[in-house]
Every structure is written in C-alpha cells, then in structure tokens.
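Counting starts at 1 for both ligands and their atoms, in listed order.
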Amino acid sequence: MAGVSGRLLRYAPPARAVDWSVLVCVSVATASGLYSFTVGSPAGLGWLPVWIHRVVGLVLLVLLVFKIARVHRRLTDPERWQRSTALSAVTGVVAAATLATGIVWGVVGLVWVAVWPLLAVHVGLGLSLVPLTLLHMWTRFRLPRRRDVTGRRTALKYFGLLAAGGIAARLGDGLTRVSGAPGADRRFTGSKPTGGSGNGSFPVTMWVADDPDPIRADEYDLSVTGLVADPRSYGYDDLVGDGPATSEEALLDCTSGWYTVEEWGGVRVGALLSAVGASEAATHVRFVSVTGYRWSLPIAEARGALLATHVGGETLTHGHGAPARLVAPGRRGFQWVKWVERIEVRDRGDPAQWVVTLVSGFE
Ligand SMILES: Nc1nc2c(c(=O)[nH]1)N[C@H]1C(S)=C(S)[C@@H](COP(=O)(O)O)O[C@H]1N2
Ligand SMILES: [Mo]
C-alpha cells in the first residue's frame with residue numbers, strides 16, 4: 001500500500017491544495033446539484049449545471065483517492081488516532097458514499113433503496129457532506145500557502161485533474177450508451193423513465209411533508225381570484241363536464257430522479273383566465289394547493305399550462321393530485337402543484353414559494 005500511495009501522490013497537487021480543492025469541489029457540487037433542480041429544459045445553458053456537477057464529482061473522486069493515499073496510515077494506526085479522527089473517518093465514508101451513489105445512479109437504471117430513490121439518497125448524503133467537510137476542516141485548519149497554489153507543476157496537475165474529470169464524464173456517457181446499460185436513457189437532468197402510462201405508471205411523490213385527506217369531487221371548489229374582473233369558483237363538474245376539455249402530452253420530471261411522459265386531460269389555464277377577465281396589469285398566476293403548497297408562473301406561461309383532472313385517459317387518483325393538479329410543461333415536477341384549490345392572478349412573483357414548498361404540510 002505504501003508503495004502504491006507513494007506513486008499515486010507523485011501526481012497529486014500539494015497536500016493543502018488538495019484539501020482546499022475538496023472544499024471548493026464540495027461547494028460547487030452542492031450548488032450545481034441544487035441549481036440543476038430548477039432546470040426543466042436543456043435549451044440555452046440548461047444542460048450546464050448537471051454537466052458541471054458530474055465533472056466536479058469525478059474530480060472529487062480523484063482528490064479523495066489522493067487524500068486517502070496521504071492519510072490512510074493516520075486512520076489505520078490506532079497509535080496515531082486523535083480526537084478529530086472519528087469525524088475525519090465519517091466525512092471520508094460519507095464522501096465515498098455520495099460519490100458511489102452518484103456514479104451508480106448515472107450507470108444503472110431507476111433503483112430504489114427501501115422507499116427512497118437512489119438519487120434522493122445521493123442528495124441526502126451530499127447535503128450532509130457540506131457541514132461534515134466544514135467541521136472536518138475546522139478541526140484540522142491550515143491556511144493554504146502561496147507555494148500550494150502557484151508554480152507550473154501545480155498548475156499542470158490541476159489542468160490534468162479537470163481534463164481527467166471531463167474525459168471521464170464523456171467516456172462514462174459513451175460507455176453507458178454503447179453497452180446499453182439501463183442508465184443510458186436518462187434525460188439531461190439525470191432522470192430515468194418509469195415506463196407505461198396512466199396513474200399506475202409513475203410514483204406518487206410528495207416534496208416534503210404534504211399528505212392531505214382525499215378531496216371528494218362533489219365537495220371540490222376551485223376559486224379563480226386576484227386581479228380579475230369577475231372572480232369565479234368552479235365545481236368538479238364545471239371543470240370536467242362530459243370529459244376533459246383539452247388534452248396534451250407532457251413530461252413530468254421529478255428531482256428524485258424519474259420522469260414520465262403522459263397524456264394529461266383537463267382545462268387550459270388560459271381558458272379559466274379568460275372566463276374571469278384577467279387584468280392587463282397581471283404578470284403572474286399562483287397555484288395554491290389545499291395544503292398551502294404553491295407555485296407561480298409568469299402569466300403567458302400559465303395560460304398555456306393545464307389544470308389536469310385526467311392522466312392517460314384515467315381520472316386522476318388522490319395521490320396524483322385529484323381532483324385537479326397543475327401540469328406545467330418544461331417545469332420540474334415539484335412545481336406541478338397537486339390538489340389545486342385556488343388560482344390567483346397577481347402582479348408579482350412569489351419568492352416565498354421556495355420556502356413554502358419545503359414547509360407546507362408541517363402545520
Ligand atoms: N401540493 C403538492 N403538490 C406537489 C407535491 C407536494 O408534495 N404537494 N409534490 C411535487 C413533486 S416533488 C412532484 S415530482 C410531483 C409529483 O407528482 P405525482 O405525485 O403525481 O407523481 O408533484 C408535485 N406537486
Ligand atoms: Mo419531485
């Protein structure tokens with residue numbers, strides 16, 4: 001082992017540079033991972049955050065190998081244990097598990113670990129890695145010195161690291177595609193198809209804590225209010241009549257790592273807004289669930305969205321948001337508000353929605 005780690009370390013940047021690079025990579029990976037949750041379409045630079053996330057993850061893998069090559073004797077030799085060693089070991093294990101779940105996620109099809117999709121496990125591990133890394137650095141704090149970050153050899157090593165990360169990401173892509181591994185049909189977001197159509201073909205997914213009682217169709221009341229000439233409320237039969245007025249194929253992509261393409265039936269939100277006479281001053285439309293969960297869309301986008309009562313020709317089940325849920329093509333699943341009871345026409349966006357979706361269902 002000593003020989004192997006010695007040889008490996010010849011390619012490593014200086015020790016402190018590796019340590020600080022780990023912190024930078026963990027930060028960039030966390031930011032790009034979280035940011036990628038908000039991206040629904042690869043257009044523009046939509047593909048970029050996920051791509052950065054994968055490259056940084058692979059760089060982190062190499063840094064971690066360098067790091068273990070350097071410190072493994074401190075971990076395996078009881079005489080060298082310090083008070084901070086346990087924390088260091090836990091941080092290392094969580095880092096390895098985060099990388100492993102991320103890589104397995106990329107290569108293998110949709111996998112569940114008990115009730116959690118593997119990607120959710122990866123996200124949980126990754127988020128706990130942030131405080132662990134900070135604490136770990138705190139217990140062993142060393143400022144980087146000038147000679148750790150300058151010099152041609154160090155620059156070359158860094159360039160090599162980044163290039164290796166980019167090439168590994170590319171190679172991994174190519175290999176999964178050529179080998180026909182189940183992971184090959186992922187979207188640019190990383191999400192995998194669930195297959196089939198209708199209520200039974202995709203998982204019932206709550207973002208955090210929502211769990212309302214089923215809403216009876218004959219007690220359902222949808223209000224359309226706000227900056228409108230003529231606020232109205234609709235019963236289930238007003239919305240559906242003899243069947244859904246419109247239908248549209250749209251792709252639901254959940255941040256827990258799956259997607260499904262379904263034929264959604266319902267009412268065009270634009271039709272509802274015309275019926276109430278939305279004001280010229282309106283800029284946004286907010287969709288509010290019985291649980292308080294809510295999301296806003298710019299009004300032009302909202303007009304094209306669907307308030308869906310049906311999926312794959314079937315009446316929506318309670319779990320999927322019956323009597324009616326938002327279908328917002330091009331948006332990520334968490335924005336597709338279920339159990340919608342209020343549509344509010346407004347003249348501003350709603351930054352608080354980012355917090356509300358995390359805490360709704362707790363009261
Ligand atoms: N009110 C409410 N709407 C919600 C959620 C929720 O927890 N509460 N979960 C969202 C998430 S994270 C996703 S991916 C989709 C999932 O829809 P499904 O349960 O029909 O698969 O609904 C979204 N709408
Ligand atoms: Mo989701």
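Here the two rings, on Phe202 and His320, have centers that are under 6.0 Å apart. For Phe334 and Trp295, the ring centers sit closer than 6.0 Å to each other.
Close contacts between ligand 1 and Ser289 involve ligand atoms 1 (N) [criterion: under 4.0 Å to a heavy atom]. Close approach of ligand 1 to Trp339 (heavy-atom distance below 4.0 Å) involves ligand atoms 1 (N), 2 (C), 8 (N). Each of the following atoms of ligand 1 lies closer than 4.0 Å to a heavy atom of Val204: 19 (O). Taking every non-hydrogen atom of Cys254 and a distance limit under 4.0 Å, the qualifying atoms of ligand 1 come out as 14 (S). Every atom of ligand 1 is numbered from 1 in the order shown, and the set under 4.0 Å from a heavy atom of Gly319 is 19 (O). Ligand-side atoms of ligand 1 in range of Phe202: 18 (P), 20 (O), 21 (O), range being under 4.0 angstrom from any heavy atom.
With hydrogens and angles ignored, the 3.5 Å screen pairs no side-chain donor or acceptor of Ser360 with any backbone N or O of Gly292.
In this structure, the protein non-hydrogen atom closest to atom 6 (C) of ligand 1 is Tyr293 CE1, 3.5 Å. Protein heavy atom nearest atom 18 (P) of ligand 1, with residue, atom name and distance: His320 ND1, 3.4 Å. Nearest to atom 24 (N) of ligand 1 among the protein's heavy atoms is Trp336 O, 3.0 Å. Among all non-hydrogen protein atoms, the one lying nearest atom 23 (C) of ligand 1 is Gly333 O, 3.2 Å. Atom 9 (N) of ligand 1 has Thr205 O, 3.2 Å as its closest protein atom, hydrogens excluded (heavy atom only). The protein heavy atom nearest to atom 19 (O) of ligand 1 is Lys338 NZ, 2.4 Å.
Proximity annotation for atom 7 (O) of ligand 1: of Phe287, Trp207, Phe334, Tyr259, Trp207 comes nearest, heavy atoms only.
Not a single heavy atom of Gly321 sits closer than 4.0 Å to an atom of ligand 1. By the 4.0 Å heavy-atom criterion, Arg325 is counted among the residues contacting ligand 1.
The existence of a salt bridge linking Arg186 and Asp253 is excluded, since no basic side-chain nitrogen approaches an acidic carboxylate oxygen closer than 4.0 Å. One finds a salt bridge joining Glu301 and Arg331 here, because a Lys/Arg side-chain nitrogen approaches an Asp/Glu carboxylate oxygen to under 4.0 Å. The pair Arg140-Asp19 does not meet the salt-bridge criterion, since no charged nitrogen lies less than 4.0 angstrom from a carboxylate oxygen. Of the charged side-chain nitrogens involved, none lies within less than 4.0 Å of a carboxylate oxygen, so that Asp148 and Arg142 do not count as a salt-bridged pair.
Residue contacts with ligand 1, taken as heavy atom pairs separated by less than 4.0 Å, involve Pro203 solely via the backbone atoms N, CA, C and O.
The aromatic rings of Trp339 and His318 sit tilted relative to each other, their planes meeting at an angle between 30° and 60°.
Inspection of the Ser201 and Glu262 side chains reveals an N or O donor paired with an N or O acceptor under 3.5 Å.
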(request) Assess whether side-chain hydrogen bond (donor to acceptor under 3.5 Å, both in side chains) is satisfied between Tyr158 and Ser21, documenting all intermediate values. (result) CA-CA 10 Å; Tyr158 268 98; Ser21 304; 2.3 Å; yes

(request) Starting from the C-alpha separation in whole Å, work towards a yes-or-no answer on side-chain hydrogen bond (donor to acceptor under 3.5 Å, both in side chains) for Thr189 and Ser191. (result) CA-CA 6 Å; Thr189 56; Ser191 296; 3.3 Å; yes

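Residue-to-ligand polar distances keep Trp258 apart from ligand 1: every N/O pair is separated by 3.5 Å or more. Looking at Asp210 next to ligand 1, an N or O pair under 3.5 Å apart turns up.
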